[in-house]
Amino acid sequence: MVELTIDGKKVSVEDGITILKAAQMNGIKIPNMCYDKRLRPYGACRLCVVEAEKQPRLLASCSTPVAPGMVILTDTPKLRKVRQTVLELMLIHHPLDCPICDKAGECDLQDVAYEYGKPEGRFIRHRKAMPPDVRGPLVELTANRCILCGKCVRICSEHQGRGALGLIGRGFPTVVQPAFGEILECDYCGQCIDICPTGALLSKPFKFQARAWFLEEKDTICPFCGCGCTLTLGTREGNVLRSRGKEDNGRSEGNLCGRGRFGFDYIYSDNRLKTPLIRKNGAFVQATWDEALMHISDSLKYIINSYGKDSVGAIGSHRCTNEDNFMLRKFMVSVIGSHNMDSSAAFGYSKVQKALDMAFGLKTHSINMKSPLGKDVIFILESDISITHPVFGLNILQAKREGSQLIVADSRDTKLTRHSSNYLKMRQGTSVALLNGMMKIILDKGLFNREIVSKTQGFTEFETSLAEYTPGKVSKMTGISEEELVSTAETIAKAKNRMISLTVSATENTKGMDTVLAASNLVILLGEDIDALQIPAEYANTYGTYKMGIRPDAGKTDVKDIFDMLYETNSLNALYIMGEDPVSTFPYNSKIMRTLKSLELLVVQDIALTETAKLAHVVLPASSWAEKDGTFVNAEGIEQKIHRIVDAPGQSLPDWQILRNLSLSMGKEIAIRNIEGVSEEIKKTIREDQKTSDKRVFNTVSYSAGEEPDMEYPLSLVTRDVLQHSGSMSTRSKALDLVVSEAFLEINEDDARKFGISDNSHVKITSRRGTIYLKAKVTDTVQPGTVFTSMHFPHGRVNALTYPSENGAAGTDAVKIESVKG
Amino acid sequence: MKNDLLIKICMGTGGLAAGGSEVMDAFKKQLRVKGIKADISKHCSIHRVGCRGLCAKDVLVDIILNNVKTTYQFIKPYMVERIIEEHVINGNPVEEWAVTEDYHQFHNKQIKVVLSDCGNIDPEDIESYLNVGGYDALKQVISTMSPKDTIEIIKKSGLRGRGGAGFPTGVKWEICFKETSSQKYIICNADEGDPGAFMDRSVIEGNPHAVIEGMIIGAYSTGADKGYVYIRAEYPLAVERLKKALNQARQNKFLGKNILGKKFDFDIKIKLGAGAFVCGEETALIASIEGQRGMPRAKPPFPVYKGLWEKPTVINNVETLANVPYIIRNGAEWYSSFGTEKSKGTKVFALTGKIKNSGLIEVPMGIPLREIIYDIGGGIENNMAFKAVQTGGPSGGCIPADLLDIKVDYESLAQVGSIVGSGGMVVLDENDCMVNIAKFFLQFTQSESCGKCIPCRIGTKRLLEILERITCGKGREGDIELLEDLANDVKATSLCGLGQTAPNPILSTIRYFRDEYEAHITKKKCPAGVCKDLLSYVVIAEFCKGCGACKRVCPSSAISGEKKAVHKIDPDLCVKCGACFEACKFKAIGKG
């Protein structure tokens with residue numbers, strides 16, 4: 001600790017921090033324009049200068065570390081004078097077009113000028129006259145307003161790891177621009193917009209929508225991935241107009257990705273449902289709530305009477321709140337009397353959970369977003385966490401910046417591979433082989449505590465099972481050289497501490513339960529705790545949905561899971577789907593459609609008319625996330641409140657209310673009147689799962705490839721997410737669609753040449769299950785023999801090609817491709 | 001000496017520009033023609049040597065015949081034949097071409113340490129350096145001294161950074177030595193960018209091995225195992241000679257693994273600067289080596305703690321490093337016997353401007369400025385009146401005539417509002433306008449500002465604008481005060497040395513030549529007759545002979561007048577080019 005005096009106040013602060021930070025921690029404000037705590041000190045704006053006793057020079061408080069005994073003055077006539085001059089200089093070229101600037105009212109430059117500025121200028125004014133760069137889809141650059149604090153450039157390169165903006169030119173004519181003055185092509189996270197202290201960088205969708213002082217801001221939780229970032233939504237006259245992150249706010253501490261910042265407008269999709277719909281003579285007819293609920297309850301009663309309770313199933317949703325999912329469960333158990341429930345987690349989080357239960361005896365697995373920080377080695381396994389969980393990804397990048405060794409094994413170039421210390425270029429879907437191979441090396445070299453670990457249950461079988469995973473063989477399987485395998489295994493084994501991370505979800509087909517089991521083995525082998533394994537739940541409320549008991553194994557045995565319900569035609573007679581679109585987002589959708597069409601009753605409750613809803617007998621309009629109160633549980637297992645911020649359109653209702661009303665229609669009174677009632681009931685019913693366990697079991701896992709390419713289907717198709725989308729919900733966002741609005745097939749240059757495919761041309765892709773057409777993107781970021789696409793877009797129909805891997809193994813698809821000439 | 005005949009031809013940049021290589025060719029040819037060819041290998045050799053200082057008299061040639069040295073000045077190829085014939089063959093030096101008294105006067109008051117071998121040895125031949133004791137210091141250090149001993153000697157010598165800031169070199173090395181890090185660096189800052197400065201360039205061109213030797217000793221003392229020379233790409237000759245010297249040093253095992261058989265590895269890379277003045281600032285220089293945008297960053301942390309790639313890094317100027325071998329060889333006491341109490345040793349200056357003997361000089365710290373100007377420099381060109389000396393380049397200030405007796409050292413110059421800086425010394429005479437001089441330096445710093453911090457990026461622009469309006473007759477009441485006020489704020493708030501010192505030329509010219517500013521602003525006159533917009537040419541009737549010389553050269557036909565009658569200049573047509581002023585033999589054109 002260091003003791004110093006700031007403005008007469010004796011303070012004691014941590015050694016090594018800056019004067020500015022010390023002042024801020026003690027409630028002393030020092031004006032600044034180029035400082036952000038996420039970034040390295042820059043010292044360009046010179047507003048934060050302070051006086052120090054016995055120091056002839058003024059010190060820039062943002063970059064000068066505290067020293068014992070310092071006597072600092074932050075507000076003196078001399079400082080006011082120089083700050084005034086600096087500000088005067090800053091304003092000479094600023095256009096002062098505040099009346100038409102969206103930043104006005106929340107502009108740092110305005111605020112500082114208000115405090116320090118003086119009415120008259122001593123210098124001739126030269127307004128800069130650069131036309132604004134409006135070419136990008138979401139971010140607008142107005143160089144005239146820029147004061148060159150460099151925050152945007154730095155947050156983009158230092159913090160986001162992207163580097164899409166640069167300072168171009170030197171000295172006075174310097175401007176912030178993408179390289180070569182081209183159109184800004186970036187992650188579209190919009191962090192530059194939040195960090196800009198002036199109106200130089202603005203959100204295009206928000207442009208001219210509302211003055212800052214008319215906006216009403218409310219915090220809520222992001223509806224997309226499992227990070228659970230806090231969004232500050234700005235509304236005016238009942239409409240959400242923008243979303244932003246506020247410093248230190250929530251789990252994300254003010255960071256947002258493009259989905260959270262721009263994707264909220266999916267709630268204004270043209271496709272939103274406003275009334276219940278009942279299929280009559282093959283076509284949907286608008287209905288009243290009473291008609292719809294009566295129709296459903298009559299049909300359900302008939303089906304239960306005819307085929308029994310077990311002929312009814314339900315699918316819950318990671319997009320819905322805990323309250324919604326809990327009510328679905330209550331409806332199924334208390335009203336229907338069936339435990340046939342599952343959710344998208346079956347393809348992701350449930351698999352992880354099952355594996356971790358087997359290995360560690362834990363029923364819930366939460367991550368810690370901060371866990372990468374301070375780790376000696378971070379090992380990422382075939383996962384692009386910067387895309388699936390962008391804000392968690394930021395912490396990985398930060399850890400790397402702060403000295404962690406980042407090892408990334410992947411089959412394609414990603415942001416993480418670009419920032420890695422070691423990039424193991426592997427064949428897709430061979431993570432299990434890689435892990436087994438590494439563990440074999442660790443075992444053979446004795447890089448673990450045999451005395452303790454060998455006592456672990458299953459060790460002998462485990463050790464024997466690895467015999468065949470010699471470096472030579474594993475090198476052939478994975479495409480990683482033997483030397484790299486050995487050195488990586490050694491690095492990970494010898495690390496002081498480590499974090500191993502991967503993602504498992506319905507939208508990725510290269511990892512499965514076996515991957516998690518193999519990773520668990522590695523963690524147990526190295527004597528680490530489960531915390532060393534960080535596998536985030538995929539979506540905003542995947543964790544909560546699972547926790548609320550929307551899973552086949554929650555209550556009884558012999559219950560139908562998602563594979564029975566969606567892929568077996570005679571398994572059910574009635575299916576109730578809440579907030580899920582299996583036809584778009586689950587694999588092998590032709591089979592799903594066949595199953596759904598065979599049902600006697602399919603009820604779909606959603607915010608929009610999805611591909612699945614189009615097959616339903618009754619469609620019920622639900623409120624979106626911004627139109628209801630409730631809670632989400634993020635991947636960290638932290639429950640966070642979401643708020644009703646705007647009114648729901650038409651007659652749509654929160655999911656839990658629909659289910660309560662339906663229960664009433666079914667003649668079963670559920671004594672819940674309001675959302676608080678649901679919360680109380682949840683508290684009573686849902687037990688908190690244990691967080692620790694002493695159980696450690698080695699589970700033998702052998703590598704099995706997905707569909708191996710052959711003569712007929714020579715390529716492997718890998719599905720991965722794209723950064724701007726999350727599931728299929730985000731594809732309804734107009735803003736996000738401006739960046740990516742269709743699925744495309746990424747193909748290596750060599751393969752493209754081999755199959756006669758040129759960039760941006762149409763390709764026919766066929767697997768054993770179906771055929772689709774996509775545009776090709778020829779690239780060197782993917783390896784030969786593998787093609788990549790994403791499942792987000794319903795019209796892309798990528799799931800016509802894929803298949804579900806019920807046994808929990810990874811399942812890449814073998815495909816053939818043809819150029820579509822014409 | 002083995003050779004009966006030794007010919008040394010100055011082939012520094014100045015020498016080459018004056019035709020050094022042609023003179024060299026002429027000597028080779030003439031020796032062949034005169035049949036002295038056979039003896040070249042045995043008793044006769046021709047050397048190229050680096051700058052010996054007096055560039056104004058290039059090409060300078062030394063003929064050392066039987067150990068008697070004669071130096072010739074202004075040598076052109078056509079003169080070579082006669083020199084060979086009369087001097088080399090017949091033994092009678094060509095007196096009329098030999099250097100005059102002022103050549104000796106130029107050297108008399110100088111004390112050469114860094115430059116002691118410059119102009120004497122062949123910079124492209126390591127043997128030449130070894131013959132004068134080169135690398136002896138390194139051998140001594142590596143075989144008999146610990147890093148601590150070496151640092152102690154440098155500390156005791158009182159050597160301070162010659163790049164301008166004057167930080168004690170030994171202390172810097174000691175801090176770096178004490179830092180615990182697996183990797184340390186030493187960087188030689190050869191990004192000499194001040195207008196009118198050519199000290200570092202001449203040292204590298206004239207004696208690159210001294211710099212290399214100094215760096216190796218520095219690396220040994222601090223624990224660095226990698227070195228960089230950051231040198232301007234605009235110094236091609238220096239780069240070429242440095243490259244050659246590095247290769248020779250490697251071949252001689254002074255660089256590389258296990259230097260001189262000891263467990264000490266060190267090698268040096270050359271990094272070319274891309275033409276940004278600000279990259280001479282150490283943190284910007286580091287950023288540039290790292291491949292980043294060449295912008296300074298805030299200090300602390302100082303590079304010696306966190307420098308290149310966040311590792312402890314010593315950055316020394318060329319001249320500082322070139323001093324090191326001589327200090328080790330001759331001892332700390334010897335070095336500290338020169339100079340003043342706080343400023344020890346010698347300093348190299350680039351003496352330019354309106355001075356007779358312009359060139360490169362090395363003087364003991366503390367020498368009176370007057371001696372530099374009048375004894376070494378030989379006084380002002382064309383017997384004009386001395387007005388001021390601008391020292392320290394764009395970061396420095398002016399020293400007016402009434403302060404001519406001050407001592408030239410770090411403290412004294414700082415006291416009068418100037419600095420030693422890297423060693424630029426521009427002499428100004430009565431025909432120089434001080435406002436214009438300030439404007440010149442501001443133009444330089446303004447265009448070289450990296451643009452990172454606001455006071456420097458925008459403040460220097462405003463300062464320059466005010467100076468521009470003063471020099472074009474649009475100065476306003478209060479402009480001097482505005483200049484002073486803004487200059488002080490820019491100094492106080494700028495991020496790096498560039499911005500913190502950029503206003504110095506303004507402040508010091510206002511301090512000593514406020515009347516000139518006032519004349520520009522209130523009387524709309526430039527007393528020195530430099531600022532075109534404030535200038536009018538008139539014919540002084542009593543001197544005009546009506547010869548018509550002015551009329552003939554006037555490009556805008558502004559002069560009229562019959563032959564043998566007094567001419568007249570039409571101010572509306574006059575473009576103030578000054579051609580008439582130059583053309584008039586009777587001083588009948590007046591500036592006013």
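Everything numeric in this text was worked out from a predicted model, so none of it was measured. Reckoned from all heavy atoms, side chains included, excluding hydrogens, waters and symmetry mates. First the proteins, then the strands, lettered A, B, ... as listed; each starts at 1.
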- Highest number of heavy-atom pairs under 4.5 Å with chain A among P300(B), C496(B), A492(B) belongs to A492(B)
- Message: With a 6.0 Å cut-off (strictly less than), is the heavy-atom count around CZ of R40(A), excluding the residue itself, greater than 12?
- Response: no
- Report the distance from atom CD1 of I92(A) to atom CZ of R462(B), rounding to the nearest 0.5 Å. 4.5 Å
- Task: Kindly check if the number of other-residue, nucleotide or ligand heavy atoms within 6.0 Å of CD (E290(B)) is above 12?
- Result: yes
- State, yes or no, whether a side-chain contact exists between D485(B) and R122(A) at a heavy-atom distance under 4.5 Å. yes
- Query: With a cut-off of 6.0 Å (strictly less than), are more than 12 heavy atoms of other residues, nucleotides or ligands near CD of E341(B)?
  - Reply: no
- Rounded distance [0.5 Å steps], CZ in F172(A) versus OG1 in T460(B): 9.0 Å
- Message: Is it the case that over 12 heavy atoms from other parts of the model lie below 6.0 angstrom from the CZ atom of F123(A)?
- Response: yes
- Whatever's closer than 4.5 Å to a heavy atom in chain B on K78(A) counts as neither
- Between CD on residue E448(B) and CZ on residue R170(A), distance to nearest 0.5 Å: 4.0 Å
- Interatomic distance, NZ@K452(B) vs SG@C34(A), rounded to 0.5 Å, equals 8.0 Å
- Message: Rounded to the nearest 0.5 Å, what separates atom CE in M90(A) from atom CD1 in I454(B)?
- Response: 3.0 Å
- Relative to chain A, which of V278(B), I458(B), L486(B) shows the most heavy atom pairs under 4.5 Å? I458(B)
- Item | More than 12 heavy atoms from other groups under 6.0 Å of NZ on K306(B) | no
- Message: Which one wins on heavy-atom pair count under 4.5 Å against chain B: V49(A), L59(A), L58(A)?
- Response: L58(A)
- Region of L148(A) that comes under 4.5 Å of a non-hydrogen atom in chain B: both
- Message: Counting only non-hydrogen atoms closer than 4.5 Å, does I168(A) touch chain B with its backbone (N, CA, C, O), its side chain (CB onward), both, or neither?
- Response: backbone
- Query: Is E481(B) atom CD crowded by more than 12 heavy atoms from other residues, nucleotides or ligands, each under 6.0 Å away?
  - Reply: yes
- Residue, of C45(A), G166(A), A44(A), C62(A), that accumulates the most heavy atom pairs under 4.5 Å with chain B: A44(A)
- Can you name the closest pair of heavy atoms from V86(A) and P455(B) and give their distance? CG2-CG, 4.2 Å
- Note on the structure: So CG of L47(A) and OG1 of T493(B): to nearest 0.5 Å the spacing works out to 9.5 Å
- Lys/Arg N to Asp/Glu carboxylate O, D489(B) vs R83(A), below 4.0 Å: no
- If you draw a 6.0 Å radius around NZ in K21(A), do more than 12 non-hydrogen atoms from other residues or ligands fall strictly inside? no
- Message: Could you report the tightest heavy-atom contact between L167(A) and R293(B), atom names first, then the distance?
- Response: O-NH1, 2.7 Å
- Message: Between R57(A) and chain B, with a heavy-atom cut-off of 4.5 Å, which part of the residue counts as in contact: side chain, backbone, both or neither?
- Response: side chain
- Message: Which atoms of K491(B) are under 4.5 Å from chain A, going by heavy atoms: the side chain, the backbone, both sets, or neither?
- Response: backbone
- Using a cut-off of under 4.5 Å on heavy-atom pairs, state which of S494(B), S447(B), C456(B), A298(B) scores highest against chain A. S494(B)
- Work out which heavy atom in Y42(A) is nearest to a heavy atom in L495(B); give both atom names and the distance. O-CD2, 4.3 Å
